[in-house]
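All residue numbers refer to positions in the sequence shown, counting from 1. A quick note: this is a predicted structure, and the numbers were derived from the prediction, not measured. Whatever order the structure lists them in is the order used to number ligands and atoms, beginning at 1.
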Amino acid sequence: MNPQTNGKPAEGCVFCQIDSGRLPSIRIYEDQDFLAFMDIAPVTEGHFLLATRAHYPTLLEMPEKLLARALPLAQKLARAALDGLSASGVNLLQNNGEVAGQAVPHWHLHIIPRRRPGELPLRPGAPADVTQLPFTAEKIIRGLK
Ligand code: AMP
Ligand code: ZN
């Protein structure tokens with residue numbers, strides 16, 4: 001587990017690099033505290049992540065102020081995904097710690113639109129078709145308006 005808990009960018013953290021723009025991402029939403037961007041290995045079409053801009057490894061280190069914002073924001077984004085992608089359900093998944101399946105130790109919530117029943121894998125899916133991802137993102141963004 002990454003021990004850094006003060007919210008400062010962590011060396012080598014993929015999501016800190018996405019936040020700073022050093023790594024590319026297909027963004028759906030951003031404000032002063034949060035970013036939402038398409039998952040690079042989606043388990044369903046439209047799978048995206050809501051992440052804090054500040055680096056907190058897991059839920060356990062998150063300041064309450066951010067936690068209080070996270071769920072209403074997830075609700076807004078989930079609604080947008082349902083509307084924009086004509087999905088009929090959505091899973092919210094949040095892993096904490098390597099043993100719990102967390103691969104990127106920077107707090108994030110998976111928002112996974114569902115169109116058909118079935119078990120979800122806890123692991124990332126196949127690499128996304130990056131030529132299609134911006135169009136999927138655009139549909140979610142349209143749902144936000
Ligand atoms: P977790 O196992 O909960 O830590 O999930 C990490 C998620 O981040 C996985 O679904 C990965 O596909 C996703 N991911 C890793 N690197 C990137 C990236 N550069 N851009 C977008 N998603 C990523
Ligand atoms: Zn980070």
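- Scored by the ring-ring contact (aromatic ring centres under 6.0 Å, His included) test, Phe37 finds Phe15 as partners (sequence neighbours excluded).
- Around the Zn ion (ligand 2), the protein N, O or S atoms closer than 2.8 Å are Cys13 SG, Cys16 SG, His55 ND1, His106 ND1, listed by chain and residue number.
- In summary, Arg142 and Asp83 do not engage in a salt bridge, as defined by a charged side-chain N under 4.0 Å from a carboxylate O.
- Screening Glu138, Lys139, Gln132 for a side chain to side chain contact (heavy atoms under 4.5 Å, CB included) with Phe135, the sole residue that qualifies is Gln132.
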Return all side-chain donor-acceptor pairs below 3.5 angstrom for residues 113-121, not counting sequence neighbours, or 'none' if the list is empty.
residue, atom, partner, partner atom, Å
Arg114, NH1, Asn91, OD1, 2.7
Arg114, NH2, Arg116, O, 3.2
Arg114, NH2, Gly118, O, 2.7
Arg115, NH1, Glu45, O, 3.3
Arg115, NH2, Glu45, O, 3.1

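- For Gln17 and Asp19, the side-chain atoms include no donor-acceptor pair closer than 3.5 Å.
- Leu77 and Ile112 are not part of a single hydrophobic cluster, where members link through side-chain heavy atoms under 4.5 Å apart.
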Would you check, one step at a time, whether the test ring pair (Phe, Tyr, Trp, His ring centres under 6.0 Å) holds for His108 with His106?
-> CA-CA 6 Å; His108 57 280; His106 174 134; 7.7 Å; no
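- Taking the six-membered ring where the residue is Trp, Phe34 and Trp107 present perpendicular rings, their angle passing 60° and hence far from 30°.
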Nitrogen or oxygen contacts under 3.5 Å, ligand 1 side and protein side:
residue, atom, partner, partner atom, Å
ligand 1, 2 (O), Gly101, O, 2.8
ligand 1, 2 (O), Ala103, N, 3.1
ligand 1, 3 (O), Asn95, ND2, 2.9
ligand 1, 3 (O), His108, NE2, 2.9
ligand 1, 3 (O), His110, NE2, 2.8
ligand 1, 4 (O), Ala103, N, 2.7
ligand 1, 4 (O), Val104, N, 2.9
ligand 1, 4 (O), His108, NE2, 3.1
ligand 1, 5 (O), His108, NE2, 3.1
ligand 1, 5 (O), His110, NE2, 3.2
ligand 1, 10 (O), Asp39, OD1, 3.2
ligand 1, 10 (O), Asp39, OD2, 2.5
ligand 1, 12 (O), Asp39, OD1, 2.5
ligand 1, 22 (N), Ile40, N, 3.2

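- For Arg79, the CZ atom is loosely surrounded, since the number of other residues' heavy atoms within 6.0 Å does not exceed 12.
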